[in-house]
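One structure is given below, encoded as structure tokens.
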There are 2 protein chains.
Amino acid sequence: MTLLHDEGLTVEELAVWRMLQRVQARIARHLEADLLDAHGLPLASYEVLRQLAEAPGRRLRMNDLAERVLLTRSGLTRMIDRLQRETLVTREACPSDARGLFAVLTDRGAQRLAEATPTYLRGVRTRFLDALGGDEVGRIKDLLHRLGGPDAGHA
Amino acid sequence: MTLLHDEGLTVEELAVWRMLQRVQARIARHLEADLLDAHGLPLASYEVLRQLAEAPGRRLRMNDLAERVLLTRSGLTRMIDRLQRETLVTREACPSDARGLFAVLTDRGAQRLAEATPTYLRGVRTRFLDALGGDEVGRIKDLLHRLGGPDAGHA
DNA sequence: GCTGTAAAGGTGTTCGCGCAACGTTCTAAG
DNA sequence: CTTAGAACGTTGCGCGAACACCTTTACAGC
């Protein structure tokens with residue numbers, strides 16, 4: 001229980017944070033590689049398509065979508081540009097607010113998502129869940145939920 | 001316990017992975033911002049300096065260091081270039097292997113690290129640990145350790 | 001000794017992202 | 001009605017990272 005400096009952190013606590021970083025990065029990198037060379041789809045793009053697929057009307061406001069996929073609005077603009085170039089997504093005006101735009105999943109986008117999803121799920125299974133006991137999923141979920149703040153809950 | 005596709009994942013399991021991503025990204029972004037505007041030091045640079053400070057002789061082979069900070073070798077080359085420009089790090093030849101280079105922490109680097117560390121630790125405390133009960137640290141450490149694979153253990 | 005293979009590190013290039021600034025539209029206060 | 005401020009999305013810019021490739025060195029087999 002050796003304390004570090006005057007912040008009252010133990011080395012163990014610090015190590016936990018480092019581990020969290022490593023684990024997340026490692027898994028994300030694997031998933032990215034899997035998706036990329038099986039479907040030419042970056043992980044971030046996959047997440048965007050998935051969010052849209054889950055949203056009512058397959059559409060989400062840019063701002064809203066940006067928050068969900070942890071991108072800035074400008075970052076999302078470029079991402080949607082790319083996806084639109086591949087005709088996986090369209091932009092549609094928002095009737096109730098002329099400032100707003102919807103990102104809308106196209107049929108091709110939905111199909112592409114469907115193709116990639118098995119790869120993604122298999123990756124999550126093998127890179128992540130297999131290392132955990134089934135009962136531990138519930139516990140880690142509980143812990144992460146506490147860390148996720150007030151949002152972060154989208155079953 | 002609804003299952004997804006044919007991979008045998010539950011929605012809960014998938015949600016846990018998403019949460020892990022969100023939590024890590026959110027915290028890292030906060031730490032980055034804190035370090036950046038208090039000391040003009042990106043989080044990744046901080047991690048490099050810290051790894052060097054903890055290493056015997058304040059030095060690490062480039063390849064070795066790259067793995068620890070989750071960078072490719074080329075990424076680390078540029079990073080060390082930058083840190084060297086600020087005289088926080090030096091490169092030294094490896095006596096036993098002419099191909100090898102050490103990245104070595106300078107005194108200025110150590111000092112800069114010391115200045116930034118309270119900010120870093122305070123960030124980890126407030127953005128991460130405060131949301132956890134003390135007893136939960138041990139549990140999450142155990143879980144992450146399992147996910148971290150054979151390495152990832154540096155107290 | 002040579003030769004082939006692998007490893008270490010660096011370089012050219014490309015790409016994705018965040019920040020700051022901008023135009024547009026909505027909304028509230030007067 | 002007018003005007004100040006905020007919200008939404010986009011754009012110019014610079015930075016940081018990965019990928020593919022290159023040089024140099026180490027090490028194995030013959």
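Below, chains carry the letters A, B, ... as their sequence lines are ordered, and counting in each starts from 1. Fair warning: this is a prediction, and the values are worked out from it, not measured in the lab.
- In terms of modelled atom types and a separation under 3.5 Å, the side chain of A:S45 and the main chain of A:L41 share no donor-acceptor contact.
- Using a 4.5 Å heavy-atom cutoff, the side chains of A:R59 and A:L52 are not in contact.
- Within the 3.5 Å criterion, the main-chain N or O of A:Q21 finds no donor-acceptor partner in the side chain of B:Q24.
- A donor-acceptor contact under 3.5 angstrom links the side chains of A:E115 and A:Q111, judged on distance only.
- Positionally, the nearest nucleotide of DNA chain D for A:T77 lies more toward the 5' end than for the other of A:T77 and A:R29.
- Side-chain contact between B:V104 and B:R91 is absent, with no heavy-atom pair separated by less than 4.5 Å.
- Using a 4.0 Å heavy-atom cutoff across all strands shown, B:D81 reaches no nucleic acid atom at all.
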Side chain to side chain contact (heavy atoms under 4.5 Å, CB included) between B:L14 and A:Y120, worked out
CA-CA 10 Å; B:L14 191 52; A:Y120 178 78; 3.8 Å; yes
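- Here the CZ atom belonging to A:R112 is positioned 14.5 Å from the CG atom belonging to A:D107, to the nearest 0.5 angstrom.
- In this structure, B:N63 and A:T72 both approach DNA chain C, and ranking their closest nucleotides by distance from the 5' end singles out B:N63.
- Closest approach of B:A53 and B:L113 over heavy atoms only: CB-CD2, 3.4 Å.
- Protein chain B contacts DNA chain D from D:dG16 to D:dA26, reading 5' to 3' and using non-hydrogen atoms of the protein with a distance under 4.0 Å.
- Boundaries of the chain B contact region on DNA chain C are C:dA7 to C:dG18, first to last in 5' to 3' order (nucleotide atom under 4.0 Å from a heavy atom).
- Nearest-nucleotide positions on DNA chain C place B:M62 closer to the 5' end than the other of B:M62 and A:L71.
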